[in-house]
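By convention in this document, chain letters (A, B, ...) are assigned in the order of the sequence lines, proteins followed by strands, and residues within each chain are numbered from 1. Every heavy atom of this structure was used, including side-chain atoms; hydrogens, water molecules and symmetry mates were not. As the structure is a computational prediction, the values presented were derived from the model and not from experiment.
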Amino acid sequence: MSVRTRFAPSPTGYLHIGGVRTALFNWLFARQHDGQFLLRVDDTDQQRNVESALAPILHGFRWLGLDWDEGPEVGGDRGPYYQSQRSELYQAAVEQLLASGAAYRDFATTEELQAERDAAKEAGKSFVYSRRWAAETDADAQRFAAEGRAGVVRLKMPREGELVINDLIRGEVRVAWASEQDHVIQRADGSCLYHLATVVDDHAMGITHVIRAEEHLPNTPRQVFIMQSLGYELPAFAHLPYVAEPGSKNKLSKRKLDKYLKNREFAALVQHGESIAARMNLTVDTDVFNPVIVDFYEQIGFLPDALLNYLLLLGWSLDGEREEFTREEMIELFSLERVNRAPASFDPQKLLAFQDRAMQQLPAKQKTARCVPYLQAAGLVATPPDCDTGPQLTKILAAAGDRVKMAGDVLDYDDFFRADDQLQYDDKAFEKRLVKPPAAAELLRKFAERLAAVDPFDAATVEAALKSFVEAEGIKIGDIIHALRVATTGKAVGFGMFETLEILGRDRAVNRIQLALAKLPPA
RNA sequence: GGCCCCGUCGUCUAGCGGUCUAGGACUCCGGCCUUUCACGCCGGCAACACGGGUUCGAGUCCCGUCGGGGUCACCA
């Protein structure tokens, strides 16, 4: 039998990083076994705008390259893949459960139930529903209904014995049936609840391995009860630990951004992202522009493979030594047996390290292609790009090397794409390197003259020219190079000065020096 | 509080009774390189929660304690 796994997001409007890891493990497991990975939309609850709330999630999956064999937009022969469109199946299951006595109609009001709960608490005992308002017969049901009561359908859970779950990650988990409640599976309005729906769908869709986050572990007994009552074969279960907050063991949550911002590394990541967004004149929706949400990484130019590689290691390891895996290697080497049982904290720094490494290994051509859209978004490059943009950018990226850690970082080199008279100067650097040193202006003026005669105008020749200039003037290289950098790029930092000048070209370099000198206050 | 899960450096982890004076990675701290920044290189700090067993021998097995977390809906 072919392996079939699924990821069942509810349409929330964003893709959570923890969810992606769960999806990744499901995907890897399915791919490794030449099985199918499906996406199913768990929208049994509310939903208007399911489409718009689902779009970002599907977009995230596509960006990451986690393809699904069946599900929204791709179809499949076990559809529909939206739970809101599968009510008849649930209804049939409810009726079967009712008929076999595994479920009953219950007419208790919320208040009555609460009273029982309170009483149990008062008595220091755990709550066990009396089933007082359970309708054993149709006549009972009619009588209750006549009283104006609304009926729901509850599971008639066993109250003796225990359930043993053989979890692929956790091993044997034993739960006493007595600790379970008679969970509601169908509301008074006829709509069905998640537990019923997920079980019915997993069965109907032929899911063989339920790989999900551990917060579902406590839900498993009731689901197993439904499966058994319906005569379904049980799938294999694998409960993954959840992804925890940076530096804590609490579950990572989208809503606690403010709290995470107090974490230095996390805050640094956010700021880095914000600075990139700002340079693209992008007004960010702080609700989504958040390292807990996958979209964040796409926006600032992360490599999907780097994110995936990091996430893979968050809870799984091959041997404790090897950390880099290509997609193919992940598929080949992944195993549920080696998934850790304890929750793992999300570490922005380590994620960055993976991204950094992946970016360094990215072929120049691809790097260029990934950076172009950022320059376009910032209005620095035309759409489509002029024909000299590509070669120019490739040179810049080669010179920048590993300074460009994510595609959005290319905006650090915006000065190459601005007209000379549009250069923006870092005020502090301008002051420190050009205004303050008494000799700076004169040195720059003299060197500009030398520069105008350099031929060929390449890094090596420019370097030789500067070295001989420095020698002739009897100064240290540091006495002029900083001023030169600020004058030609407007910035205090950047990659190699000689590469910078070569890329700029003679005319622009000289022109920029003149413009900077002109901005200087009269001596 | 009930039920369940978990517990090796700050973080991610290796370790499946002896090869562990506990290994790797990220971070951090020194040093080197150097025109700034980044990279790189060299070196360093840093952990088996605790207590009992079992055993010739325990990070590794068992029990307990403590600690952390998840979950207890007519949410998913």
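Nucleotides B:G23 and B:C62 are separated by 27 Å at their C1' atoms, to the nearest Å. Only the C1' atoms considered, B:U60 is 14 Å distant from B:U19, to the nearest whole Å. A gap of 10 Å separates the P atoms of B:G10 and B:A46, to the nearest Å. The same atom, P, is picked in B:U11 and in B:G69; the two are 14 Å apart, to the nearest Å. Atom name P, nucleotides B:A25 and B:C37: the rounded distance is 26 Å, in whole Å.
An OP1 or OP2 oxygen of B:G2 is reached within less than 4.0 angstrom by no side-chain nitrogen or oxygen of A:S179. Between A:N340 and B:A14 there is a side-chain N or O to OP1 or OP2 distance below 4.0 Å.
Applying the salt bridge (charged side-chain N to carboxylate O under 4.0 Å, His left out) test to pairs two or more places apart or on separate chains, those with a residue in residues 396-413 of chain A are A:R279-A:D412, A:D356-A:K405. Every pair tested for salt bridge (charged side-chain N to carboxylate O under 4.0 Å, His left out) that includes a residue from residues 114-129 of chain A fails, sequence neighbours excluded, so the list is empty. For residues 341-351 of chain A, the pairs satisfying salt bridge (charged side-chain N to carboxylate O under 4.0 Å, His left out) are A:E323-A:K350, with sequence neighbours left out. Residue pairs meeting the side chain to side chain donor-acceptor pair (under 3.5 Å) criterion with at least one partner in residues 488-502 of chain A, sequence neighbours excluded, are A:D414-A:K491, A:D415-A:K491. Within the structure, side chain to side chain donor-acceptor pair (under 3.5 Å) contacts touching residues 14-23 of chain A (residues at least two apart or in different chains) do not occur.
Within 4.0 Å of A:R338, counting heavy atoms only, lie sugar-phosphate atoms of the nucleic acid but no base atom. Among the heavy atoms of the strands lying under 4.0 Å from A:A492 is at least one base atom, whether or not backbone atoms are also near. Counting any heavy atom pair closer than 4.0 Å across all strands shown, A:R322 reaches no nucleic acid atom. Within the nucleic acid shown, A:K251 comes within 4.0 Å of sugar-phosphate atoms alone, with no base atom in reach, counting heavy atoms only. Within the nucleic acid shown, A:V184 comes within 4.0 Å of sugar-phosphate atoms alone, with no base atom in reach, counting heavy atoms only. Using a 4.0 Å heavy-atom cutoff across all strands shown, A:S126 reaches no nucleic acid atom at all. At the heavy-atom level, A:G478 lies nowhere under 4.0 Å from the strands shown. At the heavy-atom level, A:F354 lies nowhere under 4.0 Å from the strands shown. Counting non-hydrogen atoms under 4.0 angstrom, A:H195 reaches a base of the nucleic acid. Within the 4.0 angstrom heavy-atom criterion, base atoms lie near A:F498. At the heavy-atom level, A:A188 lies under 4.0 Å from base atoms of the strands shown. Base engagement by A:H216 is indicated by at least one non-hydrogen atom pair under 4.0 Å involving a base atom. Contacts of A:G496 with the nucleic acid, taken as non-hydrogen atoms under 4.0 Å apart, include base atoms. A:R170 comes within 4.0 angstrom of sugar-phosphate atoms only, judged by non-hydrogen atoms across all strands, and of no base.
For RNA chain B, the neighbouring residues in residues 399-413 of chain A, judged by any heavy atom under 4.0 Å, are A:D402, A:R403, A:K405.
In summary, A:E442 and A:R445 engage in a salt bridge, as defined by a charged side-chain N under 4.0 Å from a carboxylate O.
For A:D319, there are no side chain to side chain donor-acceptor pair (under 3.5 Å) partners two or more places apart in sequence or in a different chain. Applying the side chain to side chain donor-acceptor pair (under 3.5 Å) test to A:N26 and every residue at least two apart in sequence or in another chain returns nothing.
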Listing, residues 480-487 of chain A side-chain donor-acceptor contacts under 3.5 Å, not counting sequence neighbours, or none:
residue	atom	partner	partner atom	Å
A:R485	NH1	A:F495	O	2.8
A:R485	NH2	A:F495	O	3.2

Return all side-chain donor-acceptor pairs below 3.5 angstrom for residues 264-271 of chain A, not counting sequence neighbours, or 'none' if the list is empty.
residue	atom	partner	partner atom	Å
A:E265	OE2	A:Q349	NE2	3.4

Under 3.5 Å, which N/O atoms of the protein pair with N/O atoms of nucleotides 18-23 of chain B?
residue	atom	partner	partner atom	Å
B:G23	N2	A:G320	O	3.0

List every contact pair, protein side and nucleotides 26-34 of chain B side both N or O, where the distance is under 3.5 Å.
none

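The aromatic ring centroids of A:F325 and A:W316 lie less than 6.0 Å from each other.
Classified by interplanar angle (parallel below 30°, tilted 30° to 60°, perpendicular above 60°), the ring pair A:F302/A:Y297 is perpendicular.
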*Trace of the ring pair (Phe, Tyr, Trp, His ring centres under 6.0 Å) decision for A:F346 with A:Y260*: CA-CA 11 Å; A:F346 175 73; A:Y260 306 155; 8.8 Å; no

